[in-house]
Amino acid sequence: MNKIRTRFAPSPTGYLHVGSLRTALFAWLLARQNKGQFILRIEDTDKNREVEGSIEHIIKSLKSLGLNYDEGPDINGPYGPYRQSDRLDIYKEWALKLVQKGRAYAEEYSEEEIENFRIEAKKSKEPFLYRNYRPKELKGYTKGKALRFKSDPKDYSYNDLIYGDLKTSKEAIDDFIILKSDGYPTYNFAHIIDDYLMQITHIIRSSEFLASVPKFLNLYEALDIKAPQFATVPAVLGPDGKKKLSKRDNAKDALDYLKEGYLKEALTSFMATLGWNDGTEQEIFSLNELIEKFSIEKVQRSPANFDEKRLIYINGYFIRNLDLDKLYDLSKEFWPKEASGYDDLYKKKVLGLLKERLKYLSELKDLSIFFFRELEINESLIKDNSKLSVLTNKKIIELLSASKETLSKSNFEVEDIKNRLNDLLIKLDQKPAILFSLIRIATTQSPSSPGLFETLNLLGKKETLKRIDRQIAAF
RNA sequence: GGCCCCUUCGUCUAGUGGUCCAGGACACCGGGUUCUCAGUCCGGUAAUCGCGGGUUCGAAUCCCGCAGGGGUCACCA
């Protein structure tokens with residue numbers, strides 16, 4: 001039994017959203033769970049569409065998610081090179097073999113002529129098939145001309161690991177271009193040669209290629225190559241549920257999520273469960289659990305909608321369940337700049353209080369700011385509070401003064417603060433909704449914060465009393 | 001238009017002839033948790049399983065038809 005080898009073969013067009021990476025994830029999982037290899041191959045056969053820097057971008061995306069590959073353009077391997085533009089000689093050699101067998105021929109028509117065929121076909125409501133116009137006399141390889149595959153149309157039935165048994169008709173098979181006039185191969189040709197030479201055992205790719213499979217099957221035959229196993233992954237749809245996920249419908253580049261403080265395991269768990277589950281009621285999976293439990297056969301056949309709300313939930317779940325020290329390491333670049341003067345211990349305590357409330361790490365900045373800097377007095381916090389807005393200024397000052405008085409006697413341990421404020425509640429005959437709210441607002445000037453006692457404890461006595469004073473002075 | 005694929009709560013899904021007048025999760029709505037937000041706990045709304053025929057004692061599950069949606073028909077991948 002030979003080892004499973006899968007690959008991710010993106011073209012460097014500069015953008016990798018969650019849907020594309022999901023395909024990579026599935027291929028990676030299949031390889032890892034079988035102790036096989038995962039290969040990164042760059043399909044840069046279209047110079048016009050290539051975007052500067054996107055290879056680095058792809059590599060970074062994979063690595064950031066923990067999807068390491070065994071062979072690839074930057075690390076090489078036994079079947080390199082791993083950029084198609086570095087393999088042009090190989091494609092030409094294989095194309096010539098096809099010519100020799102009489103299974104490939106030079107393009108005969110001009111672009112305009114072909115365009116006219118196409119219009120003609122459209123008019124008569126028929127699919128455009130180039131082979132209907134195939135010249136009687138076929139020319140061999142001609143420099144400067146595209147090279148076409150001479151197809152042998154027939155029906156096929158084959159098995160797809162996800163879609164199951166599929167049947168296709170000969171109408172799907174045509175004479176397609178294998179080598180462009182600039183000498184570069186097309187995807188349709190290059191990937192077949194490369195997968196063969198790189199000994200890929202399973203092709204995992206998205207469903208827009210499904211309609212092309214009969215063509216590929218025909219080419220495998222002509223080349224006398226045994227086709228690998230196919231696993232076609234359905235598209236990921238945008239939130240509207242209509243069209244494929246694209247930039248338009250808030251499909252962020254996958255790296256953007258990392259930048260906003262989404263955890264890599266939250267992302268992989270989300271991507272995997274977009275169209276896959278293990279048949280149990282488990283909803284969230286670590287990367288290791290995915291390796292253990294993933295099965296390509298259980299991937300859904302219908303396209304899934306991208307629901308960012310679910311991703312946000314999953315991310316919060318991972319944050320809450322992460323060890324505080326680990327979370328602190330990950331949080332490094334998300335603190336407000338005012339935090340730089342504070343030591344690790346203090347920041348770690350702040351993070352401990354905020355951990356339960358973070359959906360993604362970039363929220364840290366706003367949620368933690370008052371621990372590092374005194375905020376401006378925010379009058380609306382009292383004015384817009386139905387219970388507080390009815391109090392007279394005099395009453396508020398009285399309550400805050402009493403609070404300050406009480407707190408000034410505290411040793412500022414959480415328990416002590418709690419006990420003293422509870423006593424004060426009784427003494428003043430007040431509800432927490434009044435007294436605690438006032439203190440919370442005075443000390444944080446924020447619409448939300450962690451628990452009052454813990455917050456005051458962290459702020460410390462001096463800072464707490466100072467902030468209450470300032471609130472009093474504002475009336 | 002040809003070829004191909006898909007169709008269970010708003011969303012992700014469980015489900016492969018009876019235990020499903022359909023289960024879980026997200027979202028949403030109530031309530032508890034001494035203050036806010038979040039979390040957490042408890043509860044709720046939500047799918048006549050795309051539609052129509054069959055087969056069967058019995059169908060989300062099998063068969064046939066239809067409809068809707070999507071993909072593809074490039075010297076893009």
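All of these numbers come straight from a predicted model, not from anything done at the bench. Chain identifiers are assigned alphabetically (A, B, ...) following the order of the sequence lines, protein sequences preceding nucleic acid strands; residue numbering begins at 1 within each chain.
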Do A/Y187 and A/F209 make the cut of ring centroids closer than 6.0 angstrom? yes
Any base atoms under 4.0 Å from A/T45, or only sugar-phosphate, or nothing? Heavy atoms, all strands. sugar-phosphate
Separation of B/C12 P from A/R22 CZ (nearest whole Å): 11 Å
Are more than 12 heavy atoms, taken from residues, nucleotides or ligands other than A/K347, located less than 6.0 Å from that residue's NZ atom? yes
Centroid separation A/Y109 to A/F117 less than 6.0 Å: yes
Test of understanding: with salt bridge (charged side-chain N to carboxylate O under 4.0 Å, His left out), list the residues that count as partners of A/D253, not counting sequence neighbours. none
Ignoring backbone atoms, test whether A/K298 places a side-chain nitrogen or oxygen under 4.0 Å from the OP1 or OP2 oxygen of B/G15. yes
So does A/T168 reach the base of B/C3 with its side chain, donor to acceptor, closer than 3.5 Å? no
When you measure from the side-chain N and O atoms of A/T273 to the phosphate of B/U13, is any distance below 4.0 Å, counting only OP1 and OP2? no
Pick base, sugar-phosphate or nothing for A/Q300, based on heavy-atom distances below 4.0 Å to the nucleic acid. sugar-phosphate
Check nucleotides 66-74 of chain B for protein N or O atoms closer than 3.5 Å to its own N or O atoms and list the pairs.
residue, atom, partner, partner atom, Å
B/C73, O2', A/F128, O, 2.9
B/A74, OP2, A/R118, NE, 3.0

Where the side chain of A/T186 is defined as all heavy atoms beyond and including C-beta, which of B/A77, B/U34, B/C3 is the nearest nucleotide? B/A77
Could you give all pairs that pass the side chain to side chain donor-acceptor pair (under 3.5 Å) test and reach residues 424-440 of chain A, with sequence neighbours left out? A/R440-A/S449
Looking at every strand, decide which applies to A/N422 at a 4.0 Å heavy-atom threshold: base, sugar-phosphate, or nothing. base
I want to verify a distance call: between B/C35, B/G2, B/U11, whose nearest atom is closest to the A/N305 side chain? B/U11
Please collect all salt bridge (Lys or Arg N to Asp or Glu O under 4.0 Å) contacts where either partner lies in residues 115-127 of chain A, sequence neighbours excluded, each pair once. A/E115-A/R118
Between B/U48 and B/C76, how far apart are the P atoms? Round to whole Å, please. 47 Å
Which one is paired to B/G10, where only Watson-Crick or G-U wobble pairs with both distances under 3.5 angstrom count? B/C26
Between A/S302 and A/P10, just flag the one whose closest nucleotide in RNA chain B comes earlier from the 5' side. A/S302
Across the strands shown, which category fits A/K167 at heavy-atom distances under 4.0 angstrom: base, sugar-phosphate, nothing? sugar-phosphate
Holding to salt bridge (charged side-chain N to carboxylate O under 4.0 Å, His left out), I want the full list of residues that pass it with A/D152, two or more places apart in sequence or in another chain. A/K154
Please tabulate, for side-chain N and O atoms in residues 172-183 of chain A, each donor-acceptor pair with protein atoms closer than 3.5 Å (sequence neighbours left out).
residue, atom, partner, partner atom, Å
A/D174, OD1, A/Y130, N, 3.1
A/D174, OD1, A/R131, N, 2.8
A/D174, OD2, A/Y130, N, 2.8
A/D175, OD1, A/R134, NH1, 2.9
A/D175, OD1, A/S151, N, 2.9
A/D175, OD1, A/S151, OG, 2.6
A/D175, OD2, A/Y105, OH, 2.5
A/D175, OD2, A/R134, NH1, 2.8
A/K180, NZ, A/T45, O, 2.7
A/D182, OD1, A/Y184, N, 2.9

Minimum-distance nucleotide (side-chain atoms of A/E43 versus B/G15, B/A77, B/C3): B/A77
With P as the reference atom in both, quote the distance from B/U45 to B/G10 in angstrom, rounded to an integer. 15 Å
Taking the P atom in each of B/A38 and B/G31, what is the distance between them to the nearest angstrom? 14 Å
Between the base of B/U36 and the side chain of A/N385, is there a donor and acceptor pair under 3.5 angstrom? no
Integer angstrom distance from the C1' of B/U13 to that of B/G32: 30 Å
Quick one: does any side-chain atom of A/R301 pair with a main-chain N or O of A/I162 as donor and acceptor, under 3.5 Å? yes
Who does B/G1 pair with, Watson-Crick or G-U, both distances under 3.5 Å? B/C73
Can you pull out every salt bridge (Lys or Arg N to Asp or Glu O under 4.0 Å) where at least one residue sits in residues 265-287 of chain A? Sequence neighbours excluded, please. none
For B/U61 versus B/U16, give the span between their P atoms, rounded off to a whole number of Å. 12 Å
Over all strands shown, is A/K170 touching base, sugar-phosphate only, or nothing at heavy-atom distances under 4.0 angstrom? nothing
Using only side-chain N and O atoms of A/K180, determine if any of them is under 4.0 Å from OP1 or OP2 of B/A77. yes
If you assign each of A/N277 and A/Y317 to its closest nucleotide in RNA chain B, which residue comes earlier from the 5' end? A/N277
Taking salt bridge (charged side-chain N to carboxylate O under 4.0 Å, His left out) as the test, write out the residues that go with A/E405, two or more places apart. A/K409
Specify the residues of residues 426-451 of chain A, ordered by number, for which at least one heavy atom lies under 4.0 angstrom from an atom of RNA chain B. A/P432, A/A433, A/F436, A/S437, A/R440, A/P447, A/S448, A/S449, A/P450, A/G451
Between B/C49 and B/C9, how many Å separate the two P atoms, rounded to a whole number? 10 Å
Test of understanding: with salt bridge (charged side-chain N to carboxylate O under 4.0 Å, His left out), list the residues that count as partners of A/R87, not counting sequence neighbours. A/D194
According to the Watson-Crick and G-U wobble definitions, with both distances under 3.5 Å, which nucleotide is paired to B/G18? B/C57
Could you go through nucleotides 22-26 of chain B and list every protein N or O atom that sits under 3.5 Å from one of its N or O atoms, giving the distance for each pair?
residue, atom, partner, partner atom, Å
B/G23, O2', A/E281, OE2, 3.2
B/G24, O4', A/E281, OE2, 3.3
B/G24, O2', A/E283, OE2, 3.3
B/G24, N2, A/E283, OE1, 3.4
B/G24, N3, A/E283, OE2, 3.3
B/A25, O4', A/E283, OE2, 2.8
B/C26, OP1, A/Y313, OH, 3.2

Report yes if a side-chain nitrogen or oxygen of A/R301 is closer than 4.0 Å to either non-bridging phosphate oxygen (OP1 or OP2) of B/C6; otherwise report no. yes
With sequence neighbours excluded, what pairs up with A/H17 under the ring pair (Phe, Tyr, Trp, His ring centres under 6.0 Å) test? A/Y15
With a cut-off of 6.0 Å (strictly less than), are more than 12 heavy atoms of other residues, nucleotides or ligands near CD of A/E208? yes
Taking atom P in both B/C26 and B/A67, compute the distance separating them and give it to the nearest angstrom. 39 Å
Taking B/C62 as the reference, what is the distance to B/G15 when you measure between their C1' atoms (whole Å, please)? 15 Å
Looking at B/U34, which nucleotide sits across from it as a Watson-Crick or G-U wobble partner, both distances under 3.5 angstrom, or is there none? none
